[in-house]
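Sequence lines set the chain letters: A, B, ... in the order given, protein chains first and strands last, and positions in each chain run from 1.
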Number of protein chains: 2
Amino acid sequence: MSSAACSQDYSFGPHTIHASEVFVESTLSFAFVNLKPVVPGHVLISPKRVVPRFAALSADEVADLWVLAQRVGAAVEPHFGATSLTLTIQDGEQAGQSVPHVHVHCLPRRAGDFEKNDEVYDAIDEHTRMHRPGERLDLDAERRVRTRAEMAAEAGALRKLF
Amino acid sequence: MSSAACSQDYSFGPHTIHASEVFVESTLSFAFVNLKPVVPGHVLISPKRVVPRFAALSADEVADLWVLAQRVGAAVEPHFGATSLTLTIQDGEQAGQSVPHVHVHCLPRRAGDFEKNDEVYDAIDEHTRMHRPGERLDLDAERRVRTRAEMAAEAGALRKLF
C-alpha cells in the first residue's frame with residue numbers, strides 16, 4: 001500500500017491516531033508513530049478493530065497484524081541504525097497494558113542502548129523521558145510528549161520506507 | 001491437533017527439544033515448556049524451521065506462529081490462574097535473544113507477580129532462579145534448571161488443554 005493511502009484517522013482505544021501519524025497500513029492493521037517513544041523508532045502496530053485483548057482477534061487479524069509488524073520491523077531497524085528489535089504485546093493490565101486496544105510495540109535496539117538490556121521494557125510502561133544511549137533510565141523523570149508536527153514529520157519519513 | 005501428535009523432537013537453535021516437552025504444534029510451529037521458567041506457565045512458541053531472525057520468516061510462518069501463540073496464551077492464562085499475558089520476541093542479540101532461533105515468550109501474568117511490572121523481562125534474559133510472587137527479583141541468583149521429568153509432566157498437563 002502506498003504512503004498516499006494513509007489518509008484516515010484510526011481509533012486507538014479511547015484515543016484518536018491522526019492520519020498524519022500513520023505511516024503504513026494493511027487490510028486489517030495500521031502502524032503509527034508514538035507520542036512518547038522510549039528509543040528512536042519506537043513505533044506501534046494495531047489491528048484496526050478496537051479489541052482490548054489479543055485472544056479476541058480473529059486468525060486473519062492475528063496474521064495481518066504480525067505480518068505488518070514484521071514489515072515495519074524490517075524497515076525501522078536499518079533506518080534507525082539498529083541491529084535488533086524488541087517486539088512485544090503487553091496483553092492485559094497485569095502485563096502493563098495501558099491502552100485497551102491490542103498493540104505491538106516495535107523498538108529498534110542497539111548495543112548499549114540501555115545499561116541493562118531489559119530496562120527497555122520498564123521504559124515502555126513507565127512513560128519516562130526519552131532515553132539517551134548508554135544511560136541508566138530514570139523512571140521518575142517525565143518523558144516529553146512530542147508535538148503533532150514532530151510526529152507527522154517522523155511518520156512522513158517512515159512512510160517513504162514502504 | 002491432538003496431544004498424541006506431539007511425538008517428534010525439534011531443533012531449537014543448537015538445542016534439541018524432546019517430544020516430551022512439546023505440548024501443542026501446528027503446521028509450521030511448535031510450543032514447548034521451558035527449562036528455566038521465570039513465572040509458572042512461562043512457555044515458548046517457535047517456528048519449526050530454524051531461523052534466527054523474525055524478518056526471515058515467510059508470511060505463512062509468521063501467521064502460523066502467532067495464531068499458535070494466541071491459542072497457547074488463551075490456554076495457559078486461565079490454567080495458571082493469571083489475568084494477563086506478556087508476549088514477546090527478543091529479535092536479535094541486542095534485544096536479549098540468547099538462542100538463535102525465533103521464539104515467542106508467553107508468560108501468564110498476575111497482579112503483583114513482580115514488584116515492578118517489567119522486571120519480568122529482566123528475568124527472561126538473566127536466567128535467574130524461579131521468581132516467587134511479590135518478591136523483588138535477584139538477578140544474581142541462579143534459576144534452577146528443571147529435570148526432563150518435571151518438564152515432561154508439565155507438558156503432559158498442558159497437552160490436555162488442546
Donor-acceptor pair, distance only, cut-off 3.5 Å: does the side chain of A:H101 make one with the backbone of A:R49? yes
Any donor-acceptor pair under 3.5 Å linking the side chain of B:R159 with the backbone of B:V22? yes
So which of A:V62, A:V104, A:D60 has the biggest tally of heavy-atom pairs under 4.5 Å with chain B? A:V62
Below 4.5 Å from any heavy atom of chain A, which atoms of B:L57 appear? Answer side chain, backbone, both or neither. both
Tell me if the aromatic rings of B:F32 and B:Y10 count as close, with their centers under 6.0 Å from one another. no
Side chain, backbone, both or neither: which part of A:L107 has an atom under 4.5 Å from a heavy atom of chain B? neither
Contact leader toward chain B among A:D64, A:T83, A:V67, where contacts are heavy-atom pairs under 4.5 Å: A:T83
Counting distance only, does the side-chain N/O of B:H103 pair as donor-acceptor with the main-chain N or O of B:Q90 below 3.5 Å? no
Determine whether B:E61 and B:S29 make a side-chain contact, defined as any pair of heavy atoms from C-beta on separated by less than 4.5 Å. no
For chain B, the option from A:S84, A:A111, A:A69, A:A59 that forms the most heavy-atom pairs under 4.5 Å: A:S84
